[in-house]
Amino acid sequence: MRTGSGRKKKSKKYVLCLLGSLVLLAGCGGTEPEKRAYPLAVSVDLEEGQYVVAYAMANLPLMTGQNKDQEEGGEEQNTGSVFRGNSFGEIRQKYEASQEYMLDLGHVKALILGETLLADPGRREELMEEIGKSMVLGKNLYLFRTASTEEVMEQNGKEKDSIGEFLAGFYENRTAEERRPVTLEDFFYTWANTEEIRELPELLCAEGQIYLTGLSE
């Protein structure tokens, strides 16, 4: 689908952002690993004119086998956070003002974009520019779209231990002939060269289960 912005084709600087990612999510700096939060999936959508950004955090105690010790000590790391704001800068400020752990995006496996966001040319443009400002996420993370980012993200730590791992498994546990992903690199290459938003695999939720449509070309 066309962006409808009427602007000239995007500069090749946007192709360089294949190595980058969302500045709204902050960097990891020199903070110790145990003082960081590790999202494995991130979703972005619009609601009542505001951006809604959700982080599906890794459950580190579960992943490291220390879950029992954490329960006995009365500690449990947050496995999901949602923030709303009129800009990505506002969302970043809200995260930093309310969360104990510094955000580390070096392990994100899936970026999920809401249909409402994708349908808004101006907000899509803002997101594309925001992604191009920072070098955090890897170019090979997988992109998806969904009508309800909330339904998908709320499964993190519930029906699925990790939404990020689960979504990556759609592709990593199957051959390329069975399922062809759209990566951040694919997405930006198409956008920078054609001014089009590449069609993304769609996620559907029903009875606590996540389904993937548009599995192959």
Side-chain angles (χ1 to χ4, degrees), residues 16-47 50-114 117 126-144 149-150 152-158 160-168 183-185 187-188:
L16 297 178
C17 76
L18 300 176
L19 299 177
S21 192
L22 300 169
V23 68
L24 65 102
L25 306 175
C28 52
T31 305
E32 295 87 343
E34 64 273 15
K35 294 182 180 180
R36 301 180 190 176
Y38 298 91
L40 297 184
V42 177
S43 69
V44 186
D45 204 356
L46 290 177
E47 184 177 301
Q50 288 191 315
Y51 288 107
V52 181
V53 178
Y55 312 103
M57 305 297 187
N59 188 329
L60 293 184
L62 180 63
M63 295 176 64
T64 60
Q66 299 177 358
N67 196 48
K68 183 177 180 180
D69 294 338
Q70 292 286 340
E71 291 177 354
E72 292 176 351
E75 296 182 31
E76 184 177 351
Q77 188 169 9
N78 184 14
T79 57
S81 300
V82 181
F83 297 89
R84 293 170 172 79
N86 294 316
S87 69
F88 294 128
E90 181 180 346
I91 289 174
R92 181 172 62 250
Q93 291 174 359
K94 287 184 176 180
Y95 180 92
E96 293 174 349
S98 64
Q99 300 298 301
E100 175 183 1
Y101 298 101
M102 175 173 282
L103 212 53
D104 185 334
L105 299 173
H107 302 277
V108 173
K109 293 178 175 290
L111 175 59
I112 306 160
L113 304 181
L117 172 68
E126 290 180 8
L127 176 62
M128 298 303 103
E129 293 179 354
E130 198 70 22
I131 290 176
K133 292 179 183 177
S134 182
M135 298 183 67
V136 183
L137 294 179
K139 64 181 181 179
N140 292 320
L141 66 84
Y142 304 113
L143 270 74
F144 304 89
T149 56
E150 181 179 0
V152 173
M153 299 297 276
E154 70 182 4
Q155 301 304 318
N156 193 64
K158 295 181 180 179
K160 311 297 179 191
D161 290 334
S162 167
I163 289 297
E165 293 283 0
F166 176 77
L167 295 179
T183 65
L184 188 64
E185 180 174 18
F187 190 75
F188 267 96

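Values below: all heavy atoms of this structure, side chains included; hydrogens, waters and symmetry mates excluded.
Separating the CZ atom in Phe187 from the CE atom in Met128 is a distance of 4.0 Å, to the nearest 0.5 Å. In this structure, OH on Tyr142 lies 11.0 Å from CG on Leu167, to the nearest 0.5 angstrom. The CZ atom of Arg84 lies 12.0 Å from the CD atom of Glu90; values are rounded to the nearest 0.5 Å. In this structure, OH in Tyr38 is found 5.5 Å from NE2 in His107, a value given to the nearest 0.5 Å. The distance from atom CD of Gln93 to atom CZ of Phe83, rounded to the nearest 0.5 Å, is 12.5 Å. Atoms NZ and CG, from Lys109 and Leu141 in turn, are 10.0 Å apart once rounded to the nearest 0.5 Å.
Listed here is the closest heavy atom pair of Phe144 and Ala110: CE1-CB, 3.8 Å. For Leu117 against Val44, the heavy-atom pair with the smallest separation is CD2-O, 3.6 Å. In terms of heavy-atom proximity, Phe88 sits nearest to Glu126 at CE1-O, 4.0 Å. Nearest heavy atoms, Pro39 versus Leu105: CG-CD2, 3.7 Å. When all heavy atoms are compared, the tightest approach of Ser81 to Gln99 is OG-OE1, 3.6 Å. Here the shortest heavy-atom pairing between Met153 and Ser43 reads CG-OG, 3.4 Å.
Between Tyr51 and Asn86 there is no side-chain heavy-atom pair separated by less than 4.5 Å. Here the side chains of Ile91 and Gln50 are not in contact, with every heavy-atom distance at 4.5 Å or above.
A donor-acceptor pair under 3.5 Å is formed between the side chain of Asn156 and the backbone N or O of Ile163. For the pair Asn140 (side chain) and Thr183 (backbone), a donor-acceptor distance under 3.5 Å is absent.
A 6.0 Å sphere centred on CD of Glu150 holds no more than 12 heavy atoms belonging to other residues, nucleotides or ligands.
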